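In what follows, a structure is listed as structure tokens, so that the remarks can point back to it.
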Amino acid sequence: MALQYRYAPHGLEEKWQKHWEEKNVFHCTEDASRPKYYLMEMFPYPSGRIHMGHVRNYSIGDVMARFRRMQGFNVLHPIGWDAFGLPAENAAIKNNTHPAEWTYANISNMRTQLKRMGYSYDWQREIATCRPEYYRWEQEFFLKCLKKDLVYRKKAAQNWCPCCHTVLANEQVVDGKCWRCDSDVEQKELTQWFFRITAYADELLADLAKLEKGWPGRVLSMQNNWIGRSTGAEIEFALEGREGSVNVFTTRADTLYGVTFLTLAPEHPLVEALIAGKPGETAIRSFIERTKNMDRLDRQSETLEKEGVFTGSYCLHPMTGERIPIWLGNFVLAEYGTGAVMAVPAHDQRDFEFARKYGIAIKAVVEPAGKELDPAAMEEAYVESGVLARSAEFSGMPSDKGREAIIRKLEAEGKGKATVNYRLRDWNISRQRYWGAPIPVVYCEKCGMQPVKEEDLPVLLPLDVKTFEDGRSPLPQTPSFTDAVCPCCGGPARRETDTMDTFVESSWYFARYTSARKEDAPFDDAAIRYWLPVDQYIGGVEHAILHLLYARFFTKMLRDCGYLPKGLDEPFSNLLTQGMVLLGGSKMSKSKGNIVDPDAMVQKYGADTVRLFCLFAAPPERDFDWTDSGIEGAYRFVNRVWHLFADLQGVLHPVHACSDLSPATSEAVRSLRYVEHSVVKKVGDDIAGRNQFNTAIAAIMELVNAVAKYHADLSQTEEGKRALSSAMASVLTLLYPFTPHMCEEIWQELGHEEAMDSEPWPQWSKDALVTETCTVVVQVNGKLRGRIEVPAGSGPDVLEKTALEDPAVSRHLEGKAVAKVVVVPGRLVNIVVR
RNA sequence: GCCGGAAUGGUGGAAUUGGUAGACGCAGCGGACUCAAAAUCCGCCGCCCGCAAGGGCUUGAGAGUUCGAGUCUCUCUUCCGGCACCA
């Protein structure tokens with residue numbers, strides 16, 4: 001056999017893919033004798049075809065997986081399908097098919113596409129979240145949470161997408177629009193199921209610190225913003241002339257003595273009692289109606305005209321006992337804090353404008369050091385911190401001290417307490433759609449809501465239904481599904497017809513991969529303890545909040561429910577967020593018609609070239625623009641490597657990388673060996689330490705260039721042949737994670753018995769990096785003036801002397817006095833002159 | 001407004017700890033091979049002055065620290081992302 005001169009990727013790629021599959025090369029099991037490495041990419045939604053974004057994501061993952069295997073890790077590298085969700089229903093309606101049929105056909109198609117890319121997955125762990133074997137465990141988790149009050153039902157105004165016919169979680173509303181179809185989201189009063197993610201707000205926030213080393217800063221910052229913790233105080237204002245009080249949340253307790261009114265959300269539960277029978281009640285009611293009917297987006301926009309109305313009721317200042325008028329304001333949010341705000345016009349711009357508009361008093365109680373504020377002359381609120389004034393015994397304290405002291409006194413008198421508020425809301429998981437996991441509860445006329453018994457799980461999603469044209473769920477009209485027996489009294493009951501948000505499935509799939517085929521429990525405890533947490537997770541930054549926050553929450557929640565071990569607080573130790581693949585500067589999209597089809601690229605260049613280009617084009621975190629000339633360049637390189645081997649067959653011995661360290665007599669051998677070992681070092685550092693695949697590939701190119709430069713001379717001598725053989729073995733070994741098919745093929749043709757999939761990562765040698773001389777740069781006043789060649793290890797004195805004598809340097813010293821000479825051995829000499 | 005990230009040749013991007021700015025590609029230019037083209041191979045390739053030797057300038061702008069700054073500090077500009085009438 002001989003290596004054909006022509007590089008023909010298709011046959012050989014398919015040959016090796018078959019080899020991997022038949023030999024089950026990438027299947028893994030728990031093995032205590034080896035260090036584990038759990039690496040996964042975000043699993044795809046089975047939309048029909050893979051796109052370049054997938055290819056980039058999975059190529060990055062595959063390089064890391066193959067690299068870690070070569071390093072001796074026991075690598076778990078699984079794949080699956082995020083298979084529930086709306087597009088399946090919409091496509092089924094459009095094509096007159098069933099969502100299940102559409103989904104499974106897509107999975108089958110995309111599986112073939114992924115296999116054609118040569119990714120090293122353990123296909124025996126493949127999962128699809130729409131299978132009952134998967135979602136039944138989710139239903140069990142739901143029941144467990146119900147018992148622990150971590151999931152609950154409540155009626156509230158919800159985000160409703162009229163186009164998708166379903167509610168959306170807060171995280172799925174982007175700029176007031178549906179994350180999926182971009183329709184304006186409406187508010188609709190509905191009874192829905194919620195996961196109590198807010199119970200974990202503090203832990204989700206605090207544990208971000210554990211991720212500081214392994215997660216990108218921007219993802220941490222986004223989660224931080226989303227959780228939105230603010231510390232302050234809840235303060236009680238007793239109502240005047242009746243029982244009860246209004247509680248407010250404030251971050252500025254230091255301004256308490258400046259309160260001149262309170263503002264309540266029109267939805268505040270006390271409003272009815274406060275306005276009943278007051279003068280102007282009708283006008284107040286019409287204000288409330290008007291505000292409630294406003295579009296949510298308009299109401300929360302910054303340009304909203306701030307309006308309010310006096311309720312006619314008063315409360316009492318907790319410290320001074322002063323009468324404080326209670327107003328309603330269209331800008332106060334019922335859902336944040338207590339839905340009531342203490343207004344301090346002197347120190348809050350919004351309150352300032354409101355007070356000026358309605359002629360309410362302004363009291364300045366925080367002043368810049370040494371200055372007095374005159375409320376009448378103020379043109380805007382003084383919002384900075386300062387020194388407290390007109391604040392009884394707190395006067396004279398700086399803001400932060402005053403804030404603490406005031407809270408302490410309130411706490412002592414039982415009129416308030418230090419507290420924390422979060423922006424994060426509970427996670428609404430009810431979806432009024434068909435293609436999702438059924439929520440395992442029934443409603444009995446007698447007993448009310450009843451959970452399905454665990455032994456009756458799974459609640460199967462019926463497949464023999466027809467979807468409606470307009471997208472409404474057929475489940476409420478499917479008696480075989482809705483008719484149920486009450487688990488409590490045995491009487492007739494109606495089954496819940498809402499399904500779970502698809503983000504629930506993706507919140508725990510990483511744990512299921514560890515024991516994907518287990519039938520009697522969601523997880524195998526030993527497998528969980530061996531594999532988790534995930535060492536490296538890779539995916540798009542668009543999931544920075546949604547999926548990654550939910551998965552973190554689920555990990556903590558499953559831990560507390562006893563499914564995951566104590567101490568497993570975070571699912572993903574390291575996160576790599578890869579950038580998008582663009583075409584012509586914008587995101588590839590079908591509607592815009594700017595698509596590069598991976599299949600077409602594989603057809604034209606082979607999978608190895610496509611993989612290589614995706615990693616070479618840019619560092620993984622950055623977006624990159626697909627260019628035809630770019631992939632041509634990658635193809636040229638692959639061909640160059642192939643031809644080099646074809647030219648050198650008969651010369652090369654079947655040796656391993658870095659195998660030749662015999663004393664070298666020729667300068668070419670020494671040079672090539674130097675390049676070989678420094679490239680081996682760099683590629684390892686780049687892949688393992690920095691995720692810089694583009695520079696790793698660049699280094700391999702340098703090694704190939706070095707071989708091309710020396711091979712004509714070296715192939716003449718036995719010493720040269722040994723050096724070439726080792727260097728070329730290094731090329732293949734380093735390139736293997738990127739272009740595995742080609743490397744396997746050449747490796748075999750070179751005469752190796754073992755396939756490359758069991759080849760270890762090469763060890764570079766310090767000795768090979770030792771040189772006899774080195775080049776030292778000479779600067780004069782920091783400007784580069786010359787280079788000197790000195791024996792390696794030369795001391796400062798020699799360097800200084802050689803540098804000063806160098807003609808290119810001494811020219812710049814004429815007529816000047818040398819003030820100082822800085823010597824960095826092995827690097828540079830800087831001569832400072834005046 | 002608050003938080004995070006970024007800015008380097010014609011172009012994608014290198015420069016890992018403050019020490020030769022522009023690795024490796026792409027595009028371009030010149031040459032070899034060819035009847036010719038493609039492919040391939042060899043050479044050149046930041047900007048300005050210069051025949052050259054050489055010199056000057058150069059990492060968004062400006063200052064600072066340092067023998068020395070793309071890298072550290074401060075101020076500013078522009079762009080990208082997140083949060084935002086959040087009390």
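Chain identifiers are assigned alphabetically (A, B, ...) following the order of the sequence lines, protein sequences preceding nucleic acid strands; residue numbering begins at 1 within each chain. Just so it is clear, the model here is predicted, and its values are computed rather than measured.
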Exercise for the section: Quick one: sort the Tyr382(A) and His347(A) rings into parallel, tilted or perpendicular, breaks at 30° and 60°. Expected result: perpendicular
Exercise for the section: May I ask you to verify whether the side chain of Asn830(A) and the base of C67(B) hold a donor-acceptor pair under 3.5 Å? Expected result: yes
Problem - Conformer about C1'-N of G9(B) - syn within 90° of 0, anti elsewhere - result: syn
Handout entry: Side-chain N,O (Arg640(A)) to OP1/OP2 (C41(B)) below 4.0 Å
Key = yes
Exercise for the section: Please state the P separation for the pair C29(B) and G81(B) - nearest whole angstrom. Expected result: 37 Å
Handout entry: Inter-nucleotide C1' distance (G70(B), A23(B)), Å rounded
Key = 15 Å
Handout entry: Side-chain N,O (Asn225(A)) to OP1/OP2 (G4(B)) below 4.0 Å
Key = no
Practice task
Sticking with atom C1', work out how far U73(B) lies from G18(B), rounded to a whole angstrom.
Solution key: 13 Å
Exercise for the section: Could you check whether Gln779(A) gets within reach of a base, just the sugar-phosphate, or nothing at all, counting any heavy atom under 4.0 Å? Expected result: base
Practice task
Considering only atom P, compute the distance from A63(B) to U71(B) and round it to an integer number of Å.
Solution key: 14 Å
Handout entry: Among Tyr635(A), Tyr605(A), Phe624(A), the one residue meeting ring-ring contact (aromatic ring centres under 6.0 Å, His included) with Phe613(A)
Key = Phe624(A)
Handout entry: Side chain of Leu828(A) (C-beta onward), nearest among C83(B), G19(B), U20(B)
Key = G19(B)
Handout entry: Contact under 4.0 Å: Arg690(A) side-chain N or O vs A15(B) OP1/OP2
Key = yes
Completion exercise
Of the listed C67(B), C24(B), A14(B), the closest approach to the Asn705(A) side chain comes from C24(B)
Exercise for the section: Would you kindly say whether Asn159(A) and Gln187(A) are connected by a side-chain donor-acceptor distance under 3.5 Å? Expected result: yes
Problem - Ion pair Asp685(A)/Lys681(A), N-O distance below 4.0 Å - result: yes
Handout entry: More than 12 heavy atoms of other groups within 6.0 Å of Arg827(A) CZ
Key = no
Fill in the blank from the handout: Quick tally for nucleotides 48-58 of chain B: nucleotides whose base has a protein heavy atom under 4.0 Å get B, sugar-phosphate-only ones S, the rest -, giving ------SSSS-
Handout entry: Gln578(A)-Arg622(A) side chain donor-acceptor pair, cut-off 3.5 Å
Key = no
Practice task
Rounded off to whole Å, could you give me the CG-to-C1' distance for the Asp623(A) and A7(B) pair?
Solution key: 15 Å
Exercise for the section: Establish, with yes or no, whether the OP1 or OP2 oxygen of A27(B) is under 4.0 angstrom from a side-chain nitrogen or oxygen of Arg636(A). Expected result: yes
Exercise for the section: Quote, to the nearest angstrom, the C1' distance that separates C35(B) from G22(B). Expected result: 42 Å
Practice task
Determine the interatomic distance between P on G13(B) and the same-named atom on U20(B); round to the nearest Å.
Solution key: 23 Å
Exercise for the section: Report which part of the nucleic acid Val821(A) touches: base, sugar-phosphate, or nothing (heavy-atom distance under 4.0 Å, all strands). Expected result: nothing
Problem - Closest listed nucleotide, where the reference is the side chain of Met701(A) and the choices are G81(B), G25(B), A14(B) - result: G25(B)
Practice task
For nucleotides G68(B) and C49(B), find the distance between their C1' atoms and express it as a whole number of Å.
Solution key: 27 Å
Completion exercise
Ranking U20(B), C3(B), G12(B) by distance to the side chain of Val777(A), first place goes to U20(B)
Practice task
Tell me yes or no: between the side chains of Arg640(A) and Asn705(A), is some donor less than 3.5 Å from an acceptor?
Solution key: yes
Practice task
Run the ring-centre check on Phe616(A) versus Phe637(A) and record whether the distance is less than 6.0 Å.
Solution key: no
Practice task
Give a yes/no on whether any side-chain N or O of Ser230(A) is located under 4.0 angstrom from OP1 or OP2 of A87(B).
Solution key: yes
Practice task
Using only heavy-atom distances, decide whether a donor-acceptor pair under 3.5 angstrom links the side-chain of Arg827(A) to the base of U20(B).
Solution key: no
Practice task
For nucleotides G9(B) and C47(B), find the distance between their P atoms and express it as a whole number of Å.
Solution key: 12 Å
Exercise for the section: Establish, with yes or no, whether the OP1 or OP2 oxygen of A14(B) is under 4.0 angstrom from a side-chain nitrogen or oxygen of Arg622(A). Expected result: yes
Practice task
State whether the distance check finds a donor on one side and an acceptor on the other, under 3.5 Å, for side chain Lys820(A) versus base C67(B).
Solution key: no
Exercise for the section: Would you check if the distance from the ring center of Phe354(A) to the ring center of Phe261(A) is below 6.0 Å? Expected result: yes
Problem - Closest listed nucleotide, where the reference is the side chain of Phe331(A) and the choices are U20(B), C85(B), C67(B) - result: C85(B)
